[in-house]
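Just so we're on the same page: letters track the sequence lines, and every chain starts at 1.
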Amino acid sequence: MKVNFIGVDYDYFDYQGKNYIKIIGRTDSGKRICLIDDCDIYFWAILKENISEKKIEKLINKINKIKLDIKGRKTKVEKVELKTKNFLGKKVQALKIYATNYKDLHDIASRIDMDEIEKRRGYDLGYVTHYILEKKVNPLAWYEVEGELLNNSLKFGGIDSALDVDICIKTKSIKEIKEKQFLPNVLAYDIETEEFEIGKGEILMVSLVGKNFKKIISCKKASKKHDYVEYVKDEAELLEKFVEYIRKISPDFLVGYFSDGFDLPYLRARAQKNNVKLSLGLDESPPRFFRGAVPTGKISGIVHIDLLKFIQTAYSQYMQSETLSLNEVAKEFLGDTKKPFEFKPSSKIKEEEWETFFEYNLHDSVLTYQLFEKFWQDIQEFTKIMKEPVFDVTRNGMSHNVEDYIIHNLEKFDEIPEKRPTYDEISLRKKQPAYEGAFVFEPIPGLYENVVFFDFTSSYGSVIVTYNLSKSTYLEKPEKNSNSIEALGKKVYFSKKTGFFPEMLKEIIEKRKKYKTELKQKPDVVKKARSNAYKLLANASYGYQGFFGARYYCREAAAATAAFARQSIQTAIENIEKENYPVIYSDTDSIAFLREKNSKVQIEKFLTKLNSKLPGIMELELEGFFKRGIWVTKRAGKIGAKKKYALLGEDGKIKIRGFETVRRDWCQLARKVQNQVITLILNDGNEKKAMDHIKMIIKKLKNREYEKKDIMIKTQLKKPISEYRAISPHVIAAKKMHEQNIPIEMGSLIEYYIAETMEKKKLVRDKVKLPGEKGEYNIEYYLEKQILPAVENIFQVFNINLKEVIEGKKQTTLGDF
DNA sequence: ATATACACGGATCCCCTATTTCC
DNA sequence: GGAAATAGGGGATCCGTGTA
């Protein structure tokens with residue numbers, strides 16, 4: 001039988017002691033298909049140098065005889081081949097050791113500790129990755145498959161009858177074909193529960209939203225019934241109905257928001273309690289959970305996606321939202337929000353309120369569904385580039401993605417994969433002191449006109465490529481013709497023979513450039529997603545080499561990258577100053593300077609000239625021209641504050657970096673006022689209007705004209721309450737919330753305000769009150785600790801001591817405020 | 001558990017010294 | 001008068017959140 005196929009969910013199983021891959025996907029006619037396949041199983045034993053042929057032959061014979069009987073499984077070395085390969089860029093002789101079962105590779109490897117063997121590698125990739133590498137059946141790519149149709153067959157223990165698919169094939173041959181359209185069947189879901197703690201209270205309702213499908217299952221009755229609501233008699237029936245609908249719809253993707261951490265584990269817990277089998281898998285298996293910071297929930301044959309995780313790694317750094325709550329994320333990407341609903345115990349919800357609750361619940365799934373549509377393109381590109389299944393790609397962090405990319409591109413270099421670091425190695429790496437990072441220029445506080453920003457494109461990435469910095473190119477001993485620099489308190493050397501990591505990164509950067517240009521010429525969603533994926537990959541590569549968990553960890557390379565980057569930026573600054581452009585500021589890879597009377601064309605010419613002198617793929621680009629920019633002093637002292645500035649663009653847009661305005665742990669009022677002051681000053685070029693404005697604000701503050709929402713302070717709880725050594729205001733607020741049974745956990749955003757107190761209290765934390773608590777805001781605190789600190793150093797730029805002005809005025813015209 | 005360092009600034013912690021309180 | 005308690009100053013540290 002021949003069929004066109006795309007792979008979506010990857011899993012494997014053992015049959016008669018051997019491993020088989022089970023890929024669930026679709027045919028081009030939309031049929032659900034299961035593909036069964038296998039591949040050679042092997043790992044590598046890298047030999048020491050200069051081992052005689054005779055010795056090798058003896059060694060092979062010895063290894064060939066290895067047989068194991070462990071974990072109730074008989075396994076053996078099937079064959080051994082001698083190959084010439086590369087390991088960390090060096091030519092090596094290695095034995096390719098084939099075995100029966102992937103899971104036994106580790107045990108076999110530990111038996112092979114002969115003297116002639118230097119290293120053992122390639123047994124820790126996981127069967128799915130190993131299979132994808134071996135057979136090149138990449139997720140979300142199209143293939144023409146030829147094989148034996150299993151129909152009520154006894155093969156593999158009757159797998160085809162046990163699986164809820166249209167076609168089940170044992171693969172004979174497989175060949176890549178041109179990309180076809182794939183419109184996945186997607187179902188979003190969301191549950192509402194009595195309690196927040198997993199499994200503690202009953203599930204009140206479940207909503208399911210697909211392409212042309214809307215459903216609420218609930219045992220609570222509303223006064224008016226929408227046709228999408230389906231009543232059930234109790235929780236057990238609700239769970240059964242939920243399973244029934246999912247089985248009927250059989251989606252490729254079941255999508256939730258924070259569903260790894262809440263919805264799916266909650267459903268599982270309640271199913272256990274009600275003795276209902278949560279047989280969501282195509283083989284009717286219940287979800288399996290894997291340990292982690294947040295456990296991940298896997299459903300056999302259906303890809304369970306927790307969108308929150310993907311957004312976290314792929315998008316959060318470019319987002320405006322202050323939290324990654326469904327509400328804020330939907331607001332930012334869809335321009336839509338959650339429906340309003342005030343939570344209370346279900347016994348207190350009136351009949352007419354249930355209707356609103358249903359609408360609320362349904363809309364959460366609608367938002368989740370729409371967000372999936374929004375990110376589907378990105379998920380596809382990530383999957384295709386990393387060549388790992390959607391389930392993993394949507395959950396992995398960026399370092400993991402970088403590593404997957406490397407592993408799936410090693411073949412071109414004939415490289416044997418490096419192993420994952422052991423626990424001991426990781427602890428050792430973690431103990432290493434931090435190495436010197438980026439250079440930041442200390443600005444001279446002031447208001448400047450005609451500011452230009454130059455940026456190094458993919459700065460760290462370009463440095464790694466240009467100076468060939470990686471684990472495989474690092475030279476333990478100095479060599480003459482090499483790249484070298486001071487780092488980690490010594491001189492470090494890197495070979496000039498291009499390593500595979502810099503080479504891969506070069507390709508990533510080139511691709512990113514290519515798609516970015518194409519995108520500019522003719523925008524489309526695929527190019528946008530692709531360009532973005534390569535951009536993220538390029539940006540994460542530097543961090544990867546310095547990350548303690550990386551297979552290709554190289555502290556010297558990471559430190560050298562930072563060192564070469566410092567050198568590059570400092571040279572660029574010198575060259576800009578040499579042309580008599582005053583440099584105002586610089587941080588890591590960007591430089592701000594004044595163009596004074598020079599035209600934009602002159603600046604662009606100057607940029608070309610600068611670029612002609614840069615080594616390798618180092619390149620400066622024009623980030624932008626700005627009408628004005630302001631840099632301020634630090635709170636204490638007179639020196640210029642780094643990482644804090646504001647710009648007025650040519651288009652009139654204001655760009656604010658680092659100021660309290662952009663920090664969520666300052667109250668709205670202080671942030672808004674600071675923003676207004678900055679805007680007024682940048683637009684007018686002086687502080688006059690800003691001064692009037694701030695006086696008015698202070699007056700209103702003292703008259704208590706502001707609402708609670710303006711003065712709420714939000715701070716995230718980063719660890720369990722008990723672990724805090726310093727008891728700061730937000731910890732006190734969290735404690736209060738805990739006492740009032742308001743659900744909080746690590747990661748919760750704690751909201752509180754500072755209130756007036758009867759007695760004089762010294763510590764701020766003694767004045768903390770929760771939003772619900774009665775009290776009046778503490779005028780002195782908000783003036784002295786929020787409003788004034790936010791704007792004081794901005795006025796300092798004009799040599800105005802705001803405090804003196806305010807207090808001075810107070811003396812002359814008492815009662816003015 | 002799962003990219004890096006640099007930086008700001010609030011608040012508390014903690015040590016020291018001076019002053020007050022207690023006996 | 002001397003020891004213990006308290007207040008306050010100031011640097012160190014913790015903590016959260018930014019920039020790149």
Side-chain angles (χ1 to χ4, degrees), chain A residues 291-294 313 317 322 395-403 420-421 423 426-427 429-430 432-443 453 455-456 458-460 464 536-553 555 557-559 561-563 565-566 569 585-591 623 632-637 639-645 655-666 670 713-719 723-732 747 749-750 754 762-768 781 784-786 789-790 792-793:
Chain A
R291 282 168 160 277
V294 178
T313 44
Q317 63 178 125
E322 275 165 24
R395 283 172 177 79
N396 290 341
M398 272 323 284
S399 78
H400 205 139
N401 285 329
V402 172
E403 195 152 284
R420 268 202 299 263
Y423 184 80
I426 290 178
S427 346
R429 291 175 183 184
K430 275 185 173 170
Q432 298 285 327
Y435 55 84
E436 191 181 344
F439 166 73
V440 189
F441 187 101
E442 187 191 301
F453 262 80
D455 266 11
F456 274 107
S458 299
S459 168
Y460 282 167
I464 293 171
L536 289 169
L537 211 48
N539 288 347
S541 304
Y542 155 68
Y544 173 79
Q545 297 204 96
F547 166 50
F548 51 77
R551 285 174 195 258
Y552 294 99
Y553 172 81
R555 198 158 167 268
T561 307
R566 284 195 302 273
I569 198 93
Y585 184 62
S586 165
D587 185 347
T588 312
D589 61 358
S590 70
I591 305 172
E623 218 271 315
V632 300
T633 60
K634 286 209 256 186
R635 278 287 290 148
I639 63 165
K642 297 170 176 179
K643 300 190 184 283
K644 266 184 121 172
Y645 60 93
K655 193 168 154 179
I656 298 179
R657 291 287 120 99
F659 273 109
E660 285 72 6
T661 301
V662 300
R663 298 179 60 90
R664 71 169 179 199
D665 55 351
W666 283 68
I713 296 166
K714 292 178 199 166
T715 313
Q716 196 185 16
L717 199 66
K718 302 281 271 191
K719 50 189 173 187
E723 278 178 32
Y724 277 91
R725 293 217 258 166
I727 308 303
S728 47
H730 85 288
V731 177
I732 288 293
L749 205 57
I750 308 295
I754 305 305
K762 215 176 69 185
L763 296 176
V764 176
R765 66 175 175 209
D766 295 329
K767 303 174 200 163
V768 164
Y781 176 83
E784 300 280 339
K785 297 290 177 182
Q786 292 276 331
E792 244 172 351
N793 37 9

Does [X] place a side-chain N or O at less than 4.0 Å from the phosphate oxygens OP1/OP2 of [N]?
X        : N      : value
A:Arg555 : B:dA3  : no
A:Tyr435 : B:dC6  : no
A:Ser399 : B:dA3  : yes
A:Lys644 : B:dG9  : yes
A:Gln545 : B:dA3  : no
A:Arg635 : B:dG9  : no
A:Arg657 : C:dT19 : yes
A:Lys643 : B:dA7  : no
A:His730 : C:dG16 : yes

Is there side-chain contact between A:Lys767 and A:Tyr781, with heavy atoms separated by less than 4.5 Å?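 Result no, sub-4.5 Å side-chain heavy-atom pair not found.
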State which of [options] makes the closest approach to the side chain of [X].
X        : options                : result
A:Val440 : B:dT4, C:dT19, B:dC6   : B:dC6
A:Trp666 : B:dT4, B:dG9, B:dA7    : B:dG9
A:Tyr645 : C:dT19, B:dA11, C:dC15 : C:dT19
A:Arg663 : B:dT4, C:dC14, C:dT17  : C:dT17

Check this for me: does any side-chain nitrogen of one of [X] and [Y] sit under 4.0 Å from a carboxylate oxygen of the other?
X        : Y        : answer
A:Lys642 : A:Glu442 : no
A:Asp587 : A:Lys643 : yes
A:Lys655 : A:Glu623 : yes

Check the distance between B:dG9's C1' and A:Phe659's CZ and give it to me in whole angstrom.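 Spelled out: CZ on A:Phe659 to C1' on B:dG9 is 13 Å.
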Check every strand shown and say whether A:Ala540 touches a base, only sugar-phosphate, or nothing at a heavy-atom separation below 4.0 Å.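 The residue A:Ala540 makes no contact with any strand.
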How is A:Lys719 classified with respect to the nucleic acid when contacts are heavy atoms under 4.0 Å: base, sugar-phosphate, or nothing?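 It contacts sugar-phosphate atoms only.
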Any donor-acceptor pair under 3.5 Å between the side chain of A:Arg664 and the base of C:dT17?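 Such a pair does not exist between side chain and base.
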Quick check against the 3.5 Å criterion: does A:Ser541 have a side-chain atom that pairs as donor or acceptor with the backbone of A:Leu537? yes
